[in-house]
Amino acid sequence: MTKQWFADIIMPLAVRGRFTYSIPDDILDSVKPGSRVMVQFGSSKLCSGIVSDIHNTLPAVKNVKSIISVLDAVPAINESQLKLWLWISDYYLCNEGEVMKAALPSEECLMSYKPKLETYVNLEREFTDDELNALLDKLAKAPRQQEVLSSYLRLSGYTFGTGLIPVSKSLLMAESKTTSSIIDVLTGKGVFVSESVPVSRITGAAEHRDPVKKLSLAQQDAYESVRNQFKEKDIVLLHGVTSSGKTEIYIHLIEEQLRLGKQVLYMLPEIALTTQIILRLKKHFGGVTGVYHSRFSDPEKVEIWKRVAENNHTGGYRLILGVRSSLFLPFSNLGLIIIDEEHDSSYKQQDPAPRYHARDSAIMLAAIHKAKTILGSASPSVESYNNAVNGKYGLALLNERYGLIKLPEIVIANTREAYRRKMMVSHFTPELLHAMDEALGKNEQIILFQNRRGFSPYIECSECGWIPVCFQCAVNLTYHKGIGKLVCHYCGYTTGMPSHCGNCNSSGMVTRGFGTEKIEDEIKIVFPEARVARMDQDTTRNKNSFDKIIRAFEDRQIDILIGTQMISKGLDFENLTVVGVLNADNLLNYPDFRAHERSFQLMEQVSGRAGRRQKQGKVIIQTADPVNRVIRLVLRHDYEGMFRMQAEERMTFNYPPFCRMVKIVIKHKERDLLNHYSDILGRDLKEMFGKRVLGPESPVISQVQLWYIKTILIKIERDKPQAKAKQLILDAIERVEREKGASSLRIAIDVDPY
Ligand code: ADP
Ligand code: ZN
Ligand code: ZN
């Protein structure tokens with residue numbers, strides 16, 4: 001008897017465990033790892049899944065079902081993608097199906113995708129000038145054919161030495177006012193060849209290309225340092241101050257990879273940043289450049305997916321600019337991954353699973369492709385810098401701004417003092433107002449940063465102190481004046497603004513604190529002549545709203561732009577000279593072991609937007625605590641100092657990067673049951689991990705959408721085998737899930753939860 005073969009199938013479901021099906025003989029040849037197959041799931045449901053492995057180990061269950069059919073001729077997922085999926089599921093302790101859901105554009109779309117085709121005409125081979133002239137002379141007797149040929153030469157730029165460039169047949173027909181058959185005659189004569197090429201539904205592939213910019217001496221040094229270190233190391237950290245030209249260095253590295261026929265992935269933490277960088281890239285690399293982010297519709301995503309798969313073919317993408325999820329595109333020969341603003345927390349997915357860190361996963365993806373990774377930042381994460389200091393990563397430095405412009409001058413404005421002396425105007429210190437006045441007088445632009453959206457973070461009864469909170473989350477409701485409502489920023493619950501106190505019925509409800517919306521209001525009063533705009537989650541809900549605001553600011557139609565962390569990173573504006581940080585204390589007082597690192601990074605980033613071209617910029621940081629250590633470090637742009645301070649603290653108190661962390665989040669709708677089960681889990685874990693277990697404890701936000709929350713944190717030594725520890729954690733979770741009555745418990749695991 002011949003052997004029976006089985007396939008393990010990944011299903012797009014958040015269900016633990018592997019699903020094994022037998023492979024009928026007649027389709028054995030077409031079932032491969034990565035193939036999409038149709039199977040029966042449960043008693044009646046049909047489901048499509050992806051084959052992860054083929055083997056002949058009989059599964060332990062009875063009545064193994066057969067695969068019903070194979071859905072595509074070639075596997076939908078290539079081997080490298082599958083490896084990445086499995087790594088993510090292993091490392092981040094989630095199900096393969098959850099990774100699949102995050103990675104694939106919608107199923108139906110993948111299946112129904114049919115590329116639109118367009119015919120392109122090209123010269124059959126390269127001709128010398130003499131040959132071309134002879135050919136044109138010969139065609140003098142057939143003027144229409146002659147016209148077609150000269151139109152082609154004009155459109156393709158061939159006569160300017162640009163080489164063989166296909167021209168769309170319909171364009172050629174229009175330009176030479178001829179018919180398809182005349183072009184076909186020339187094809188018959190061996191002058192032209194034509195081919196059908198998928199055309200993109202996404203427009204905007206201008207083919208004019210600028211040569212890459214010449215690097216400054218300092219940039220050249222850094223560039224060569226990166227290349228040299230790549231000979232020995234797979235990962236290099238490029239630590240370059242803001243506006244030093246890191247992007248230009250990436251561009252040189254990209255050019256080299258494209259010349260070698262390799263693909264490049266360029267990752268950014270924020271969609272807003274793609275607007276400017278994509279133009280910079282397309283200028284040099286033209287139509288091989290694609291963008292990928294979550295704002296695209298499913299059909300658009302599928303289109304990009306296909307074009308990445310087409311890679312080196314005409315119309316394929318070889319350079320992808322993308323956010324987190326671009327990791328999952330079907331790359332086949334990556335040569336380089338660039339992770340810009342590598343320190344940025346947006347690279348970590350919080351919810352739902354897979355709770356992966358895109359930087360760390362990208363490093364794994366690069367390893368799968370034997371590609372190199374460059375991490376870039378003006379204020380690297382403590383963990384990456386530590387890896388560079390230890391020699392695990394290479395380190396390249398770029399200490400001067402392009403054009404030798406000085407880093408912005410930092411002014412600390414003491415809000416406590418200003419309030420005491422009655423010098424505050426709304427939420428603005430005299431220092432900030434003065435700098436703004438000066439800039440506006442010179443027609444220069446200003447950015448104001450406030451890390452809270454909405455009008456005021458909470459409202460309060462002036463009589464009894466009552467504060468409206470969300471009925472299903474343990475958080476204060478934020479007042480949004482534009483819509484006249486209170487909004488929960490955790491669950492989206494919206495309610496009217498109460499006219500009376502819910503406790504004492506007094507009519508003295510007042511707004512407290514301030515968000516971007518309030519700043520916008522106040523600025524309009526203080527500077528009535530200025531043109532003011534706001535960029536935050538509320539003003540950028542539409543697909544193109546980022547682009548619109550950024551373009552308007554570039555075109556100087558806006559004098560003052562107010563925004564959240566969205567405006568703090570990576571943007572490059574010529575005429576922006578003043579940056580105001582309205583409330584640094586918010587950032588510093590956040591209860592998290594990374595709060596100081598993050599505040600430093602944010603302030604350094606947002607400062608970095610000022611004075612990038614002609615002259616030194618100015619940054620006003622408002623704080624009630626001007627002697628704060630972190631603020632003193634920002635004042636001197638002292639990254640090294642920040643790193644040393646943090647490294648020492650984390651070594652002493654055993655925090656990453658000196659240990660690994662796994663966070664378990666336990667939720668239940670009943671508080672008592674939550675406490676009961678989380679105590680069981682905590683005790684179980686403590687038996688295995690002892691003092692490494694912290695909690696269970698209530699997080700700062702202890703209830704969201706009616707679910708009460710507790711967390712348990714486990715710190716694992718760096719030198720202990722992490723796979724074993726993770727398995728023990730999984731086992732403990734499965735044990736508590738099997739406890740009587742535990743079925744309405746929800747448990748999430750977060751590996752490296754920071
Ligand atoms: P970073 O990425 O380090 O913040 P950028 O690459 O955005 O810096 O450079 C800052 C500005 O200086 C950009 O407008 C960029 O075009 C310009 N610039 C940097 N290097 C060069 C160069 N070698 N030649 C011309 N312009 C440059
Ligand atoms: Zn009251
Ligand atoms: Zn809520």
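Both ligands and their constituent atoms are indexed starting at 1 by order of listing.
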So, Gln276 and Glu554: side-chain donor and acceptor under 3.5 Å apart, yes or no? yes
Row for the Zn ion (ligand 3): angle SG (Cys488) to SG (Cys473), 10° precision, value 110°
the protein heavy atom lying closest to atom 2 (O) of ligand 1 turns out to be Thr247 OG1, 2.7 Å
Atom 17 (C) of ligand 1: nearest protein contact (heavy atom, Å): Tyr402 CD2, 3.9 Å
Relative to the heavy atoms of Arg612, which atoms of ligand 1 are at a distance of less than 4.0 Å? 1 (P), 4 (O), 5 (P), 7 (O), 8 (O), 10 (C)
Only heavy atoms of Leu215, strictly under 4.0 Å: list the atoms of ligand 1 that pass. 23 (N)
Is the Tyr292 to Tyr317 ring centre distance short of 6.0 Å? no
If you round to the nearest 0.5 Å, how far is CD of Glu444 from CZ of Arg556? 9.0 Å
Under 4.0 angstrom from ligand 1, any heavy atom of Ser244? yes
Less than 4.5 Å apart, side chain to side chain, heavy atoms only: is that true for Ser568 and Arg609? no
Result of checking Asp538, Asn451, Asp536 against Thr516 for side chain to side chain contact (heavy atoms under 4.5 Å, CB included): Asp536
How about Tyr223 and His252: are their ring centres within less than 6.0 Å of each other? yes
Donor-acceptor check, side chain of His343 to backbone of Gln601, threshold 3.5 angstrom: yes or no? no
What do you get for the angle at the Zn ion (ligand 3) between SG on Cys491 and SG on Cys470, to the nearest 10 degrees? 110°
For atom 1 (P) of ligand 1, which candidate among Gln276, Lys246, His252 holds the nearest heavy atom? Lys246
Note the single closest protein heavy atom to atom 20 (N) of ligand 1, along with its residue, its atom name and the distance in Å. Gln219 NE2, 2.9 Å
Any chance CZ of Arg671 has more than 12 other-residue heavy atoms, nucleotides or ligands included, within less than 6.0 Å? no
Among Glu574, Lys214, Glu248, which residue places a heavy atom closest to atom 23 (N) of ligand 1? Lys214
Sidechain-backbone polar pair: Gln450 side chain, Phe514 backbone, donor-acceptor under 3.5 Å: yes
among protein heavy atoms, the one nearest atom 7 (O) of ligand 1 is Arg280 NH1, 2.9 Å
Between the candidates Ala218, Ser216, Ser243, Gly240, which shows the shortest non-hydrogen contact distance to atom 4 (O) of ligand 1? Ser243
Quick look: Asp572 vs ligand 1, heavy-atom contacts under 4.0 Å, and the answer is side chain
For Gly245, is at least one N or O under 3.5 Å away from an N or O on ligand 1? yes
Compute the ring centroids of Tyr458 and Tyr479, then answer whether they are less than 6.0 Å apart. no
Taking the Zn ion (ligand 2) as the vertex, what is the angle from SG of Cys461 to SG of Cys501, given to 10 degrees? 110°
Ignoring angles and geometry beyond distance, decide whether Thr242 reaches within less than 3.5 Å of ligand 1 through its nitrogen or oxygen atoms. no
